[in-house]
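Lettering follows sequence order; numbering is per chain, from 1.
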Number of protein chains: 2
Amino acid sequence: MPVSIKDIARLAGVSHSTVSRALRDSPLIPAATAQRIQQIARESGYTASAVARSLVTRKTQAIGVVVTSIADPFNGDLVDGIEEVANQHGYSVILATSQADPEREMAVVRSFGERRVDGILVASSRVGSLYLPMLEELKIPIVLVNNQHRSDFAYSIAVDNVHGAYQAARHLIELGHRRIGYLGDRLGLHSDEDRFAGFGKALAEFKVSLPKEFVVYGDGKLEGASIAARDLLHRSKRPTAVLCYNDISAFGLLKVAEECGIMIPESLSVTGFDDITFAALARPALTTVRQPRREMGRKAAELLIAIFNGSPEEKALVIRGELIVRESTAPLSAS
Amino acid sequence: MPVSIKDIARLAGVSHSTVSRALRDSPLIPAATAQRIQQIARESGYTASAVARSLVTRKTQAIGVVVTSIADPFNGDLVDGIEEVANQHGYSVILATSQADPEREMAVVRSFGERRVDGILVASSRVGSLYLPMLEELKIPIVLVNNQHRSDFAYSIAVDNVHGAYQAARHLIELGHRRIGYLGDRLGLHSDEDRFAGFGKALAEFKVSLPKEFVVYGDGKLEGASIAARDLLHRSKRPTAVLCYNDISAFGLLKVAEECGIMIPESLSVTGFDDITFAALARPALTTVRQPRREMGRKAAELLIAIFNGSPEEKALVIRGELIVRESTAPLSAS
DNA sequence: CTGAAAGCGCTTACAG
DNA sequence: CTGAAAGCGCTTACAG
């Protein structure tokens with residue numbers, strides 16, 4: 001048995017109420033008494049029980065975080081940002097992995113409910129709405145990070161996909177490209193729709209037309225993107241630039257271009273989205289839109305804590321990413 | 001207020017003791033009653049309070065994990081492995097970051113103590129012994145992953161540094177190299193000592209001598225390693241192969257080699273240690289010793305859970321890494 | 001089978 | 001200032 005407040009009370013010859021107050025620096029207790037008691041607590045190796053405290057305060061000072069997998073560097077950065085501000089404010093983070101399995105995600109969130117976490121953060125989920133009722137019952141606020149759910153329950157924070165893709169498209173247009181393709185993600189994610197919308201916005205603004213056959217869809221993975229890319233590049237009249245849904249898709253396309261002997265960026269400019277670590281290291285290094293992962297984690301945690309304190313600024317935060325120009329894009333060559 | 005066991009008792013017209021039993025499928029309760037009560041619980045949106053339960057059972061079903069930073073892919077994989085088996089066994093993981101700051105690590109572990117986690121996992125720490133007394137008082141077992149502390153308190157799990165370096169060295173020797181350098185980490189980490197020992201073991205076994213000036217020390221980072229590498233490669237009589245403490249050091253050396261116009265692997269073979277993601281992507285791709293990060297996380301969690309169940313197999317587990325031969329090593333050329 | 005009781009380790013009105 | 005009391009939401013001997 002760890003030593004409890006009662007043990008200290010006995011040692012100090014006071015009631016346990018007094019010990020409790022002394023340990024929490026209550027103004028009711030004279031400094032001298034408080035110090036004596038704290039001293040005894042220290043010497044006896046006392047460690048307060050957060051679980052007992054939580055039971056009465058109804059606060060656990062813990063926030064639950066759900067990601068698909070932490071091995072993914074994107075989530076690593078995100079969680080790092082979350083943990084940073086959580087820690088700053090005296091909160092612990094309970095981390096769980098959904099493995100992109102909705103059932104598992106449900107189970108995880110249920111377990112967070114049982115643990116009575118003060119709030120929940122969920123990254124890139126498509127199933128947020130399933131557990132909303134339970135969280136509402138428990139009055140546990142939730143903030144969704146980059147979620148694919150288009151509804152306004154709960155709070156959310158996401159990159160500005162429209163603006164990010166707009167920047168990338170504009171960059172290509174300013175390089176002189178007029179025949180620009182889009183390699184998307186057929187899963188119909190909102191992020192894909194939004195990026196396509198940003199792409200379209202730039203085209204419209206500069207009066208660049210988009211032939212239907214310049215739009216192809218992979219699955220956001222290397223293989224699927226490669227297949228779509230083959231489709232796009234093997235035409236007689238192919239685009240001189242392609243805006244890809246994400247970096248992985250862009251690498252799929254780059255691979256196919258290499259196979260076809262298409263020089264990058266001389267004969268084809270390519271942009272990605274995300275700025276995964278490899279984007280900077282690849283040859284050619286990829287021009288892409290950086291998602292400020294760590295900052296998003298920080299903002300998400302700050303939002304949650306603001307909610308705890310009753311001062312949520314906005315329900316839905318949008319963060320802009322930055323266009324990172326590297327080697328995979330170049331001015332349209334005269335050729 | 002969330003609905004409690006008492007509310008259900010009222011609704012069901014039984015005592016809260018009976019509800020508690022019914023909810024836990026106690027054999028004392030007839031199936032019919034249990035189902036009726038469970039039904040009511042479900043309908044009323046009951047979610048058991050793990051904190052109340054923990055207070056009486058003295059188990060939180062939670063394990064605390066301390067890493068320097070989760071943004072580091074190494075730790076990401078590790079934590080993923082930990083979370084996987086923790087989750088399998090019904091444990092939650094509370095994750096905290098030390099930022100390589102001993103004070104912060106202490107604070108984090110203290111907070112884990114207050115939360116009464118059932119066990120603690122600490123990765124790559126050098127300060128484990130500081131909080132040992134507190135954990136002992138609280139009877140919270142701890143397992144150290146790849147720690148630099150040479151003492152047998154607590155449990156531990158680590159890569160077999162000696163064997164890993166031995167394999168790398170042997171690989172170089174078998175390629176015909178006889179003039180092999182070592183680029184270490186001057187911080188005097190045990191992992192450095194062990195890797196150097198494995199290196200020495202291979203040299204001894206094959207009767208390869210090691211000139212003193214073939215051993216240089218960086219700091220495990222790119223810059224420090226580069227300085228040491230310059231020292232090593234700028235001699236008149238330089239080694240034909242270098243075994244580096246870790247991948248990062250190897251990349252520092254590769255950079256210097258490039259500056260000096262030394263061809264890799266034609267004129268110099270280089271090995272790393274860790275197999276960070278970039279090792280496979282770099283040009284030339286790095287020959288290195290892979291640390292099975294995810295598996296280490298799994299094993300660490302399994303060890304901890306075995307301790308909970310009173311059946312810890314061994315106090316100190318050692319896991320072997322695998323030599324991954326890529327492009328940075330080649331047979332000693334006749335030149 | 002079921003309930004009343006005690007207790008886990010705290011916090012905090014309520015009296016004095 | 002200080003203590004006795006109640007209570008947070010559960011579990012589990014102990015009686016019946």
Side-chain angles (χ1 to χ4, degrees), chain A residues 1-38 40-41 44-62 111 113-118 137-140, chain B residues 1-38 40-41 44-62 111 113-118 137-140:
Chain A
M1 308 298 93
V3 359
S4 81
I5 221 176
K6 275 191 193 163
D7 300 315
I8 300 179
R10 201 175 319 113
L11 292 172
V14 296
S15 75
H16 73 275
S17 318
T18 299
V19 173
S20 171
R21 293 189 186 106
L23 259 22
R24 327 201 73 225
D25 284 317
S26 157
L28 292 176
I29 307 291
T33 320
Q35 285 182 5
R36 190 171 61 86
I37 293 177
Q38 286 166 10
I40 294 176
S44 60
Y46 173 74
T47 305
S49 165
V51 4
R53 178 180 302 143
S54 291
L55 189 57
V56 11
T57 61
R58 293 154 171 295
K59 297 257 169 298
T60 49
Q61 297 287 112
S111 132
E114 294 186 346
R115 288 189 183 280
R116 300 290 193 268
V117 296
D118 294 339
E137 171 86 31
L138 260 22
K139 305 232 174 310
I140 299 180
Chain B
M1 310 297 97
V3 359
S4 81
I5 221 179
K6 275 191 194 164
D7 300 315
I8 300 179
R10 202 175 319 112
L11 291 172
V14 296
S15 75
H16 73 275
S17 317
T18 299
V19 173
S20 173
R21 293 188 186 107
L23 259 23
R24 327 201 74 224
D25 284 318
S26 157
L28 292 176
I29 307 291
T33 321
Q35 285 183 5
R36 191 170 61 86
I37 294 176
Q38 286 166 10
I40 294 175
S44 60
Y46 174 74
T47 305
S49 165
V51 3
R53 178 180 302 143
S54 291
L55 190 56
V56 12
T57 60
R58 292 152 172 293
K59 297 255 168 299
T60 49
Q61 296 287 114
S111 133
E114 293 185 347
R115 288 189 184 280
R116 300 289 193 267
V117 296
D118 295 338
E137 171 86 30
L138 294 172
K139 305 228 174 311
I140 299 180

Calculate the interatomic distance between [X] atom [atom1] and [N] atom [atom2]; express it in whole Å.
X: L55(B); N: dC8(C); atom1: CG; atom2: C1'; answer: 4 Å
X: L138(B); N: dG9(C); atom1: CG; atom2: P; answer: 12 Å
X: E114(A); N: dT11(D); atom1: CD; atom2: P; answer: 11 Å
X: R53(A); N: dG9(D); atom1: CZ; atom2: P; answer: 18 Å
X: D7(B); N: dC8(D); atom1: CG; atom2: C1'; answer: 13 Å
X: Q61(B); N: dC10(D); atom1: CD; atom2: P; answer: 16 Å
X: L23(A); N: dT11(C); atom1: CG; atom2: C1'; answer: 12 Å
X: R116(A); N: dC8(D); atom1: CZ; atom2: C1'; answer: 11 Å

Candidate nucleotides [options], ranked by approach to the side chain of [X] - the nearest:
X: P30(A); options: dC10(D), dC10(C), dC1(D); answer: dC1(D)
X: I29(A); options: dT2(D), dC10(C), dG9(D); answer: dT2(D)
X: T33(B); options: dT2(D), dT2(C), dT11(D); answer: dT2(C)
X: S17(A); options: dT11(D), dT2(D), dT12(C); answer: dT12(C)
X: V56(A); options: dC14(D), dC10(C), dC10(D); answer: dC10(C)

Taking the side chain as everything from C-beta on, heavy atoms only, tell me whether V3(B) gets closer than 4.5 Å to E137(A). yes
Check whether any side-chain heavy atom of I8(A) lies under 4.5 Å from a side-chain heavy atom of S44(A), and answer yes or no.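 Counting from C-beta outward, I8(A) and S44(A) do come under 4.5 Å.
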Under 4.0 Å: is that the gap between some side-chain N or O of [X] and OP1 or OP2 of [N]?
X: T57(B); N: dT11(D); result: no
X: R58(B); N: dC8(C); result: no
X: K6(A); N: dC8(C); result: yes
X: S20(B); N: dT11(D); result: yes

Test your reading of the model: is there a side-chain donor-acceptor pair from R58(A) to the backbone of R116(A), 3.5 Å cut-off?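 Pair absent, no side-chain N/O of R58(A) close to backbone of R116(A).
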If you assign H16(A) and R21(B) each to the DNA chain C nucleotide with the nearest heavy atom, which residue ends up on the more 5' nucleotide? R21(B)
Nearest-nucleotide 5' precedence on DNA chain C, L28(A) against S15(B): S15(B)
Rounded to the nearest 0.5 Å, what's the gap from NE2 on H16(B) to CZ on R10(B)? Could you check?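 These two atoms lie 12.0 Å from each other.
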Rounded to the nearest 0.5 Å, what separation is found between the OG atom of S49(B) and the CG atom of L55(A)? 6.0 Å
Nearest nucleotide by nearest heavy atom, which residue falls closer to the 5' end of DNA chain D, I5(B) or T18(A)?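 Its nucleotide being nearer the 5' end, the pick is T18(A).
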Within the 4.0 Å heavy-atom criterion, would you say S4(A) contacts the bases, only the backbone, or no part of the nucleic acid?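 Contact class for S4(A): sugar-phosphate only.
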Touch check for V51(A), heavy atoms < 4.0 angstrom, all strands: base, sugar-phosphate only, or nothing?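 Answer is nothing: V51(A) stays at 4.0 Å or more from every strand.
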Please find the pair of heavy atoms, one from D118(A) and one from T60(A), that lie closest to each other, and give the distance. OD1-N, 3.0 Å
For residues I40(A) and A12(A), report the shortest heavy-atom separation together with the two atoms involved.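 Looking at all heavy atoms of both residues, the closest pair is CD1-CB, 3.7 Å.
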side-chain hydrogen bond (donor to acceptor under 3.5 Å, both in side chains) for S15(B) and T18(B)? Distances and angles first, verdict last. CA-CA 5 Å; S15(B) 75; T18(B) 299; 3.2 Å; yes
Treat a base pair as Watson-Crick or G-U wobble with both distances under 3.5 Å, then lay out DNA chain C in dot-bracket form, 5' to 3', with | for cross-strand pairs. |||.||||||||.|||
